[in-house]
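Below is one structure, written out as structure tokens; the observations come after it.
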There are 2 protein chains.
Amino acid sequence: MTSIKDLAQHLGVSIGTVSRALNDKFDVKPATRERVLKAAAELGYVPNQAGRSLRQGNTGLVGFVLETSSEGMMQGDLFFIRVFDGMQSVLSEYGLHLMVMMSPSSEKSDEYLQKIVGRRLADALVLSSTRRIDPRVDLLADQNIPFVMLGRSQTDRGQPWLDLDFEGMVTDAIERLHARGHRRIVLAVPRQELNLRYVMLDTYRTQLARHGLAFDEDLVIETAPGDNGGVALAHHIMEMEDRPSAVIFSDPIHPFGLYRGLTEMGLVPGKDLAILGIATRLATVLSPNLTHYRVRLFDLGRRVAQALIHRLPHLNTENPPPVIRERVPFTLVEGESDLPLE
Amino acid sequence: MTSIKDLAQHLGVSIGTVSRALNDKFDVKPATRERVLKAAAELGYVPNQAGRSLRQGNTGLVGFVLETSSEGMMQGDLFFIRVFDGMQSVLSEYGLHLMVMMSPSSEKSDEYLQKIVGRRLADALVLSSTRRIDPRVDLLADQNIPFVMLGRSQTDRGQPWLDLDFEGMVTDAIERLHARGHRRIVLAVPRQELNLRYVMLDTYRTQLARHGLAFDEDLVIETAPGDNGGVALAHHIMEMEDRPSAVIFSDPIHPFGLYRGLTEMGLVPGKDLAILGIATRLATVLSPNLTHYRVRLFDLGRRVAQALIHRLPHLNTENPPPVIRERVPFTLVEGESDLPLE
DNA sequence: GGCCTTCCCGTAAACGTTTACGAAAATATG
DNA sequence: CATATTTTCGTAAACGTTTACGGGAAGGCC
């Protein structure tokens, strides 16, 4: 592998000159710059990242911390690749690379994160599966590591975040369902720690109140991620005493499980139970058509990357850069899974 | 951020001693090792990766080269996260990190890869979306970069690979369909460059011949990845003159599109067209149940990582390490989408 | 030609590690 | 106790960059 030293020797100039030529500094004659660039291309020289990192203190990598069997704001596998793709499309413009890191979940995640930042593996991080109280926020804030959350947390250190507009989703869903005569509406929420649970729950309560509906805690059902969770949820709901007529969920895999569960019981989705929540285009295969909320994941990824770029001191022109805190809205795709109650 | 120098100063010993103590070398008194470890834990010292990389020439990162809208051996988003998860579970044992890199597709991918290896961003790579003639293989082999392919290629430089057993899948599928009376069987293949296309095609031809069926090139249909591809495929098939009665596919998203396309046309999947191919557990939502082939993606990821570990000189004991070249078998999940022809 | 600018370029330090080498300290051997 | 051996540690070089600094070359001006 050719180093800058080889290149310098080959050209008969000093490594300093080579470096300046390649990095577009002043202090180098146009003619020699040409020579250097040409030789670099010929010898296939690419600067070693370790050397560069050591010297200038940044790695050119952006880490996305993905928790094993991640189930935060966007459960299931379906999502992330699109988001990554969007992120990389922005990062490339800045010569940065996305580095997806599989973090162990919850208990071990702080320790893991500490190692990552200690090793200085990445210049900046994206956190997903954000928890209501998230020690990772303090950990990163304390050490001045630039980061952006994909999701929100009550642990607020002024960090930027991007999140989907779950408030808007739940508000609209309840509105729709109420207008169609539904009165007992189940809210499927993820596990305890995740902040998403509280976002959904709070909105749910206030919106119920707004429509004059009573809050019944039995209608808030913690649901495991994935299709299995959906199946269990279907059974749970249909076996309840005062049977609910509708369900709202946030995991895009849930509808698959819900449909399956209902079918197993000989029931018809959309007829015996109104189903409404977040999904992807894959849901279009469901029959009857699923009424659902969608988001452009590629764009979300781009936005996340942009927010992150703002946090990187070494390529920041604006000062101070804006702290992005945004809820990305869903768009509704109408189907027949939330028909009026007969 | 505390460096090894800080730690040494704090302890009143030299940095050499600290380094040896942390890296479990000889030449250090048990008592001082204890002191060093204790102080390191207290000060939260973690060695800087750039420094370490520069010195010992390896980064501790394993790169997974994922092509944008990847459509190689396993199309769709559904898969990779599980595979990554499996990989990381092995890599962690060796202190390695997985780094997923979003590569531009095909035309630009060589250039991209060259930059990656030149920068020395990763110690080893995994290539996906393997093409029949894959210049990336030569590029990496020439520079002695350890790598493993997730998929196969005709470009053979003795590199290890892991692939799914598409031969077995197609063989079994034709066997099943033939036994059920199907004679005109469509093979949905991915685009030209991908090696998978030829693997499927070759097996298809030989198996047709084995069952005394004629090969008809109209029955080999290039299909775009994703559900859209599936929809188009359904229409294409149903509008053919001598209408086929079955289809075999390799993209796990295709069945969703196929079902949707057929339904749009007022046809019944499994009845008007037998559908058989690779899918994931998500397919269990389809009705009638999809007969499909599955694979344990987590285990596949583990296997890939193991194959990669064998290629890393600095943590290899066996010599010479085995070159893993394996086809991972599918398991069949029976449904009702490939019923006997009436 | 002498002097001052301007323009280029080489030198060397620094980033944080690991490790070969040799020196010093501790222990064993006579 | 002197010497030989072993154990432990400090020193310094090296990995590949970037960049502050100073100096030489070239050119302009009087």
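In what follows, chains carry the letters A, B, and so on, assigned in the order in which the sequence lines appear, proteins first and then strands, with residues in each chain numbered from 1.
- Counting heavy atoms from C-beta on, the side chains of A/Val46 and B/Val117 never come closer than 4.5 Å.
- A donor-acceptor pair under 3.5 Å is formed between the side chain of B/Ser92 and the backbone N or O of B/Gln88.
- Remark: P of C/dT17 and CZ of A/Arg120 are 11 Å apart, rounded to the nearest angstrom.
- Taking 4.0 Å as the cut-off between side-chain N and carboxylate O, A/Asp142 and A/Arg157 count as a salt-bridged pair.
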For nucleotides 23-27 of chain D, which of its nitrogen or oxygen atoms have a protein nitrogen or oxygen under 3.5 Å away, and what is each distance?
none

Compile the donor-acceptor pairs under 3.5 Å between side chains in residues 26-39 of chain B and protein atoms, sequence neighbours left out, one pair per line.
from, atom 1, to, atom 2, distance (Å)
B/Thr32, OG1, B/Lys29, O, 2.8
B/Arg33, NH2, B/Lys25, O, 2.7
B/Arg35, NH2, B/Leu11, O, 2.9

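- Shown for residues 50-61 of chain A: residues whose heavy atoms fall under 4.0 angstrom of DNA chain C, namely A/Leu54, A/Arg55.
- Going from atom CE of B/Met1 over to atom P of C/dC15 covers 16 Å, rounded to whole Å.
- Rounded to an integer number of Å, the gap from CG of B/Asn48 to P of D/dT17 is 17 Å.
- Distance, B/Lys5 NZ to C/dA14 P: 8 Å, rounded to whole Å.
- Using modelled atom types and a 3.5 Å distance limit, the side chains of A/Ser89 and A/Arg302 yield a donor-acceptor pair.
- Rounded to a whole Å, the NE2 atom of A/His314 is 18 Å from the P atom of D/dT17.
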Protein and nucleotides 7-10 of chain C: nitrogen or oxygen contacts under 3.5 angstrom:
from, atom 1, to, atom 2, distance (Å)
C/dC9, OP2, A/Lys29, N, 2.9
C/dC9, OP2, A/Thr32, OG1, 3.0
C/dC9, N4, A/Asp27, OD2, 3.3
C/dG10, OP2, A/Ser14, N, 2.9
C/dG10, OP2, A/Ser14, OG, 3.0
C/dG10, OP2, A/Thr17, OG1, 2.5
C/dG10, N7, A/Arg20, NH2, 3.1
C/dG10, O6, A/Arg20, NH1, 2.9

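- Between B/Leu91 and B/Ile309 the shortest side-chain heavy-atom distance falls below 4.5 Å.
- Residues B/Glu67 and B/Lys108 are not paired through a salt bridge, judged by the lack of any N-O separation under 4.0 Å between the basic side chain and the carboxylate.
- In terms of phosphate contacts, A/Asn23 brings a side-chain nitrogen or oxygen within less than 4.0 Å of OP1 or OP2 of D/dT18.
- At distances below 3.5 Å, at least one donor-acceptor pair connects side-chain atoms of A/Ser153 with backbone N or O atoms of A/Arg131.
- Classification of B/Arg132 and B/Glu193 as a salt-bridged pair fails, no side-chain N sitting under 4.0 Å from a carboxylate O.
- Distance B/Phe26 CZ to C/dT18 C1': 15 Å, rounded to the nearest Å.
- One finds no salt bridge joining A/Lys115 and A/Asp110 here, because no Lys/Arg side-chain nitrogen approaches an Asp/Glu carboxylate oxygen to under 4.0 Å.
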Show me the donor-acceptor pairs, under 3.5 Å and distance only, between side chains in residues 52-59 of chain A and residues at least two apart or in other chains.
from, atom 1, to, atom 2, distance (Å)
A/Ser53, OG, A/Gln49, O, 2.8
A/Ser53, OG, A/Gln49, NE2, 3.1
A/Ser53, OG, A/Asn58, O, 3.3
A/Thr59, OG1, A/Leu61, N, 3.1
A/Thr59, OG1, A/Leu121, O, 3.4
A/Thr59, OG1, A/Asp123, N, 3.4
A/Thr59, OG1, A/Asp123, OD1, 3.0

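- Annotation: proximity of residues 36-46 of chain B to DNA chain C (heavy atom, distance under 4.0 Å) is found for B/Tyr45, B/Val46, numbered in ascending order.
- With hydrogens and angles ignored, the 3.5 Å screen pairs a side-chain donor or acceptor of B/Asp6 with a backbone N or O of B/Ser3.
- Contacts of B/Ser19 with the nucleic acid, taken as non-hydrogen atoms under 4.0 Å apart, include base atoms.
- Under a 3.5 Å cut-off, the side chain of B/Arg20 and the backbone N or O of B/Ile15 do not form any donor-acceptor pair.
- To the nearest angstrom, P of C/dG16 lies 16 Å from CD of A/Gln49.
- In this structure, A/Pro322 and A/Arg311 approach most closely via the heavy-atom pair O-NH2, 3.1 Å.
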